[in-house]
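Pasting in a structure now, in structure tokens, and then I'll have a few things to ask.
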Number of protein chains: 2
Amino acid sequence: MTRAVAMPEGAPLGGPTGPNGGVRTDFLHGLLGYNARRTSLHLVACFVRDLADLQLKPVGFSVLCLVGHNPGITSRQLCQTLDIQAPNLVGLVSALTERGCLQRQPHPTDGRAWGLHLTPAGESLLAQAETRILASEQQACAGLSPAEQATLQQLLQKIYLA
Amino acid sequence: MTRAVAMPEGAPLGGPTGPNGGVRTDFLHGLLGYNARRTSLHLVACFVRDLADLQLKPVGFSVLCLVGHNPGITSRQLCQTLDIQAPNLVGLVSALTERGCLQRQPHPTDGRAWGLHLTPAGESLLAQAETRILASEQQACAGLSPAEQATLQQLLQKIYLA
DNA sequence: TATTGTTATACTCTATAACTATA
DNA sequence: TATAGTTATAGAGTATAACAATA
């Protein structure tokens with residue numbers, strides 16, 4: 001890369017230098033997508049940090065959670081509910097199965113499908129994970145009142161469930 | 001993979017079958033991280049779809065936007081503001097530079113740094129993109145009143161700016 | 001013919017280590 | 001010695017195409 005030689009006359013130089021960097025972020029902070037993405041990345045990082053010893057990440061937890069609360073659920077139902085692609089679910093289910101947390105049983109009416117169930121180890125892991133993630137989120141959202149947290153969830157669901 | 005032969009007695013089979021799949025999602029829907037992530041993915045998809053012809057994706061737009069509103073900003077300031085790693089910014093800046101939208105100029109006081117500026121083409125692209133993303137979000141958030149949208153942004157910022 | 005689950009694979013995004021030039 | 005920018009690279013996440021088995 002070659003450094004520019006000539007300087008355009010009158011071009012403002014130096015960039016923002018004020019407090020906290022002085023970077024103007026007004027437009028980005030007015031975008032819902034930007035705020036949602038930054039919040040999501042922040043909460044995902046909290047999740048990964050606080051559930052590291054359980055070896056669970058958000059999507060794997062979501063699978064475990066849905067199977068736990070919906071015994072016999074199929075891969076297709078998981079994909080539809082979580083909006084993920086079928087090929088990407090295979091590895092998640094396989095990993096949880098090999099960990100001894102998940103079990104595939106023949107579907108009673110559809111020979112193509114498998115009904116997914118938690119093992120006792122899976123039930124135990126889910127219970128621990130649910131307790132842990134609730135505590136993690138309480139810490140991350142300490143600045144919000146319970147009413148604000150409820151409002152936030154309702155507004156978010158209005159968008160992605162539309 | 002071998003199909004299970006014996007069926008555990010008393011195990012509930014068949015899984016959820018009620019309306020809209022009948023899948024119970026109560027716990028997930030009570031998690032802020034889940035709702036934020038689903039909303040973020042939804043709005044990112046809207047962004048990519050509605051700004052495809054501008055060849056801009058969320059992070060590239062954020063860079064363009066910050067440079068436009070902060071002439072002379074450095075890569076380091078962009079990384080800190082957007083919370084991205086320096087090596088991952090290089091390609092974004094290079095691509096925008098090669099498109100003729102960005103220009104690097106020597107930093108007036110720090111010989112290691114470059115001040116980033118928009119070209120006229122960059123200004124034009126930013127103006128189009130800002131108009132487009134506002135329309136995209138209005139469509140995606142049609143179910144929310146302006147007051148609700150403002151509330152949502154404030155609550156989200158309370159979390160990731162904490 | 002359509003659907004479930006799967007494999008293979010490619011593409012994108014993100015993270016880390018190491019290097020250079022300068023402060 | 002520390003920092004700004006860069007390169008190379010590895011890992012994770014996500015997407016499509018194609019296939020076997022069953023509806």
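Residue numbers start from 1 in every chain, and the chains themselves are labelled A, B, ... in the order their sequence lines are given, proteins ahead of strands.
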With 3.5 Å as the limit, what N/O pairs link the protein to nucleotides 11-18 of chain D?
residue	atom	partner	partner atom	Å
D:dG13	OP1	A:Lys57	NZ	3.4
D:dT14	OP1	B:Arg37	NH2	2.8
D:dA15	N7	A:Asn88	OD1	3.2
D:dA15	N7	A:Asn88	ND2	3.1
D:dA15	N6	A:Asn88	OD1	3.1

> OG/B:Ser94 to CZ/B:Arg104 distance, rounded to the nearest 0.5 angstrom?
Replying inline: 5.0 Å

> In whole Å, what is the span from the CH2 atom of A:Trp114 to the P atom of D:dT22?
Replying inline: 10 Å

> Which whole-number value in Å describes the distance from B:Gln77 CD to D:dT3 P?
Replying inline: 15 Å

> Once you round to the nearest 0.5 Å, how far does CD of A:Gln138 lie from CG of B:Leu32?
Replying inline: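 Separation between the atoms: 9.0 Å.
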
>> In whole Å, I'd like the distance from the CG atom of B:Leu89 to the P atom of C:dC13.
In response: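 After rounding, the reported distance stands at 14 Å.
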
> Between B:Arg104 (CZ) and C:dA21 (P), how many Å, whole number?
Replying inline: 16 Å

> Just how far, in rounded Å, is P of C:dG5 from CD of A:Gln105?
Replying inline: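 Distance, rounded to whole Å: 14 Å.
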
> To the nearest 0.5 Å, how far apart are NZ in A:Lys158 and CG in B:Asn35?
Replying inline: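 Reported to 0.5 Å precision, the distance equals 13.5 Å.
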
>> Rounded to whole Å, please give me the gap between CZ in B:Arg112 and P in C:dT22.
In response: 11 Å

> Quick one: which of B:Thr39, B:Leu155, B:Ile159 gives a side-chain contact (heavy atoms from CB on, under 4.5 Å) with A:Thr39?
Replying inline: B:Ile159

> What pair of heavy atoms forms the shortest contact from B:Ile133 to B:Phe47, and how long is it?
Replying inline: CD1-CD1, 3.2 Å

> Considering only side-chain heavy atoms of B:Ser75, which listed nucleotide, D:dG5, C:dG5, D:dA21, is closest?
Replying inline: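 So the side chain of B:Ser75 is nearest to D:dG5.
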
> Got a second to check how far B:Gln105's CD is from B:His107's NE2, nearest 0.5 Å?
Replying inline: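 If we round to the nearest 0.5 Å, B:Gln105:CD and B:His107:NE2 are 11.5 Å apart.
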
> Picking from D:dT6, C:dG5, C:dA23, which would you name as closest to the side chain of B:Asp110?
Replying inline: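 The closest nucleotide is C:dA23.
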
> B:Leu82 has an atom CG; how far is it from atom P of C:dC13, in whole Å?
Replying inline: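 Taking CG of B:Leu82 and P of C:dC13, I get 15 Å after rounding.
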
> Which residue, B:Arg76 or B:Val90, contacts DNA chain D at a nucleotide closer to its 5' end, judged by nearest heavy atom?
Replying inline: B:Arg76

> Over how many whole Å does the gap from A:His107 atom NE2 to D:dA23 atom P extend?
Replying inline: 11 Å

>> Check the orientation of A:Phe27 and B:His69. Use parallel for under 30°, tilted for 30 to 60°, and perpendicular for over 60°.
In response: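 Rings of A:Phe27 and B:His69: parallel, under 30°.
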
